[in-house]
Amino acid sequence: MKKLSWFLILMLASVTVLSGCSSSTPANTAKPAEVIKIGVIQPRSGPLAVSGEDSYWGTKIAIDMVNEAGGIKGKKIEAVVADVPNAGAAQNEVNRLIQNEKVKVITGIYGSAMAEVAAGICNRNEVLYWEHISVTDRLTKQGYKSVFRMHINGSLFGEQAAQIAESYAKKIGLDPTKATVAVVSENGDFGKSIAAGVDAYTKKAGTKIVLNELYDSKTTDTSPIVLKLKASNADIVIATSYINDGIDITKKSKVLDYSPKIFLGIGSGYGLAAYGKSLEKDAEGMIDLDPTSTPVLKNLDPNMAKAVEEFQKRFKAARGYDSPTVGYLAWQATWVLLNNVIATAGGTDNLAAMIKAAKELDIKVGSLPTGAGVKFDESGQNTRAVISAMQWQKGKLVTIYPDYLANAQGIMIPLPAWNKR
């Protein structure tokens with residue numbers, strides 16, 4: 001079994017940056033250090049900029065930590081960063097990184113449409129593409145050889161969400177075969193993939209879907225969606241949203257006095273700090289389904305726990321708040337890429353060696369801060385990615401499911417009416 005490599009984090013707490021330590025050598029005679037270039041793509045501007053920036057910092061911090069611990073075989077990692085707010089920008093920037101910057105590895109990205117473009121270009125140019133957030137099913141259904149995704153795909157995300165819904169239905173005395181479910185999803189690949197997974201699982205479980213609706217995440221008024229939810233009278237709602245529409249769905253639910261027994265929000269729409277900040281006490285009791293953003297450090301390998309603590313400290317210093325899920329996903333994906341793929345392959349010059357290293361990864365569930373492990377299937381999809389149920393309690397997200405990741409008990413299940421919260 002191939003486990004996580006920790007040789008790069010020895011003496012992590014006492015690592016010092018060595019730049020400037022050779023002051024006795026004249027600057028003009030210093031031999032330039034060899035570097036390993038990695039392309040880093042994120043939407044750092046545009047409508048996805050908040051999550052894109054959080055994701056960027058997850059990757060940057062992982063690279064910084066590895067560099068400060070000596071790099072990879074003495075070579076420092078150089079991040080070549082590109083802002084890709086949309087699919088057109090992704091096409092231009094990924095081509096630039098490959099053709100002009102000569103990168104052999106590209107990692108990203110928060111945004112399914114951009115991820116699909118990037119993966120196709122990388123595979124065509126024999127460049128390793130290492131996806132850490134996007135969930136679109138199509139990413140790993142193209143037969144690509146050099147594309148790997150660390151995060152869960154959309155259909156499996158939807159299936160796990162439906163399983164969690166079933167679990168909470170039982171806790172409040174609902175028979176899953178008699179419970180009704182309403183599914184509302186943003187109309188991109190992100191939402192469609194998850195909705196398909198929910199639909200597949202509920203059909204197997206015998207749960208009845210009474211509403212399955214797509215909507216435009218760019219809408220400024222989600223009242224029509226909330227009215228459809230209310231009319232469906234579903235016991236359980238599973239909603240896949242981005243941040244602005246997620247906030248608005250919650251606000252309009254209060255205005256229209258709508259409370260299902262169980263509301264499960266999927267995606268950054270319900271898990272970002274901006275959600276809690278915008279809604280304040282109205283966020284209380286709302287559940288977000290995502291990989292956990294509250295790792296149980298005592299359950300991790302001591303070296304990993306130490307590295308995660310360092311990441312948490314650096315992220316908060318950089319961003320002013322605790323890392324959301326996307327920050328952890330980007331950090332752990334980059335950590336594995338550097339320590340277990342590129343280091344094993346001896347650098348980025350040999351694509352076949354990197355692919356072999358990735359395919360041989362066998363990291364057990366629970367080894368990474370989000371509770372995931374790593375084992376890729378033939379398509380390049382990580383089969384050991386997991387999600388959790390997190391809940392807003394007293395202005396913070398806590399993890400309430402599954403037990404091995406939980407740091408709190410669930411409250412307000414079933415949800416009371418708005419005037420009783």
Side-chain angles (χ1 to χ4, degrees), residues 50-55 57-58 61 110 133 161 164 167-168 171 237-251 253-254 259 262-300 305 307-332 366 368-372 386-416 418 420-421:
V50 173
S51 292
E53 194 70 6
D54 286 342
S55 304
W57 276 96
I61 291 168
Y110 184 83
I133 293 177
I164 293 171
S167 174
Y168 279 105
K171 286 186 178 183
V237 170
I238 300 177
T240 303
S241 310
Y242 288 108
I243 184 62
N244 293 330
D245 43 312
I247 290 171
D248 198 63
I249 284 173
T250 310
K251 287 182 175 179
S253 293
K254 182 179 181 181
S259 287
I262 299 170
F263 185 99
L264 302 176
I266 293 176
S268 62
Y270 304 92
L272 289 179
Y275 182 85
K277 185 176 181 180
S278 175
L279 293 165
E280 297 181 331
K281 64 182 179 60
D282 288 339
E284 187 78 358
M286 301 301 288
I287 294 176
D288 169 50
L289 301 186
D290 254 325
T292 183
S293 62
T294 57
V296 182
L297 297 181
K298 67 180 181 181
N299 291 346
L300 298 174
V308 172
E309 283 186 299
E310 181 67 15
F311 161 69
Q312 291 171 331
K313 179 180 72 175
R314 294 186 185 207
F315 188 95
K316 190 162 189 176
R319 301 292 279 153
Y321 48 80
D322 293 333
S323 175
T325 292
V326 292
Y328 283 101
L329 288 173
W331 182 86
Q332 71 185 24
L368 298 175
T370 63
V386 297
I387 65 170
S388 65
M390 293 180 286
Q391 187 176 50
W392 286 95
Q393 296 184 14
K394 297 180 180 179
K396 291 186 177 181
L397 272 178
V398 296
T399 303
I400 60 174
Y401 177 95
D403 289 344
Y404 79 96
L405 292 173
N407 60 1
Q409 296 293 317
I411 62 171
M412 296 168 66
I413 303 172
L415 274 173
W418 283 99
K420 295 181 179 178
R421 296 190 192 184

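Residue numbers run from 1 in the order of the sequence given.
Taking Arg421 as the reference, Ser259 meet the side chain to side chain donor-acceptor pair (under 3.5 Å) condition, with sequence neighbours excluded. Taking Lys313 as the reference, Glu310 meet the side chain to side chain donor-acceptor pair (under 3.5 Å) condition, with sequence neighbours excluded. Evaluation of the ring-ring contact (aromatic ring centres under 6.0 Å, His included) rule for Tyr110 yields no partner, not counting sequence neighbours. Partners of Tyr270 under the ring-ring contact (aromatic ring centres under 6.0 Å, His included) rule, at least two apart in sequence or in another chain, are Phe263, Tyr275.
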N/O donor-acceptor pairs under 3.5 Å from side chains in residues 282-290, not counting sequence neighbours:
{"residue": "Asp282", "atom": "OD1", "partner": "Lys254", "partner atom": "NZ", "Å": "3.2"}
{"residue": "Asp282", "atom": "OD2", "partner": "Lys254", "partner atom": "NZ", "Å": "3.1"}
{"residue": "Glu284", "atom": "OE1", "partner": "Lys394", "partner atom": "N", "Å": "2.7"}
{"residue": "Glu284", "atom": "OE2", "partner": "Lys394", "partner atom": "N", "Å": "3.4"}

For residues 396-408, please give each side-chain donor-acceptor pair under 3.5 Å, one per line with the distance, not counting sequence neighbours.
{"residue": "Thr399", "atom": "OG1", "partner": "Thr292", "partner atom": "OG1", "Å": "2.6"}
{"residue": "Thr399", "atom": "OG1", "partner": "Thr294", "partner atom": "OG1", "Å": "2.5"}
{"residue": "Tyr404", "atom": "OH", "partner": "Gly371", "partner atom": "O", "Å": "3.2"}
{"residue": "Asn407", "atom": "OD1", "partner": "Thr399", "partner atom": "N", "Å": "2.9"}
{"residue": "Asn407", "atom": "ND2", "partner": "Thr294", "partner atom": "OG1", "Å": "3.4"}

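Summarising the geometry of Val308 relative to Pro295, their closest heavy-atom pair is CG1-CG, 4.4 Å, with the distance given to 0.1 Å. Nearest approach of Ala161 to Ile266, heavy atoms of both residues: CB-CD1, 3.7 Å. Residues Phe315 and Gly327 approach most closely at CE1-CA, 4.4 Å, considering heavy atoms.
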Problem set entry | Derivation of the side-chain contact (heavy atoms from CB on, under 4.5 Å) call for Trp57 and Ser323 | CA-CA 9 Å; Trp57 276 96; Ser323 175; over 6 Å; no
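The shortest distance between side-chain heavy atoms of Ser51 and Ile243 does not fall below 4.5 Å. Using a 4.5 Å heavy-atom threshold, the side chains of Pro291 and Tyr328 count as separate. In this structure, Pro369 and Phe311 have side chains that are not in contact, with every pair of non-hydrogen atoms separated by 4.5 Å or more. Contact annotation: the side chain of Gln312 approaches that of Leu297 to within less than 4.5 Å [non-hydrogen atoms, C-beta and beyond].
Distance CD/Gln409 to CD/Gln391: 10.5 Å, rounded to 0.5 Å. Note that OG of Ser293 is 8.5 Å distant from CG of Asp322, once rounded to the nearest 0.5 Å. Within the model, atoms CD1 of Ile249 and CG of Asn244 stand 11.5 Å from one another, a figure rounded to the nearest 0.5 Å. The NZ atom of Lys171 lies 7.0 Å from the CD1 atom of Ile413; values are rounded to the nearest 0.5 Å. Note that CG of Leu272 is 12.0 Å distant from OH of Tyr242, once rounded to the nearest 0.5 Å.
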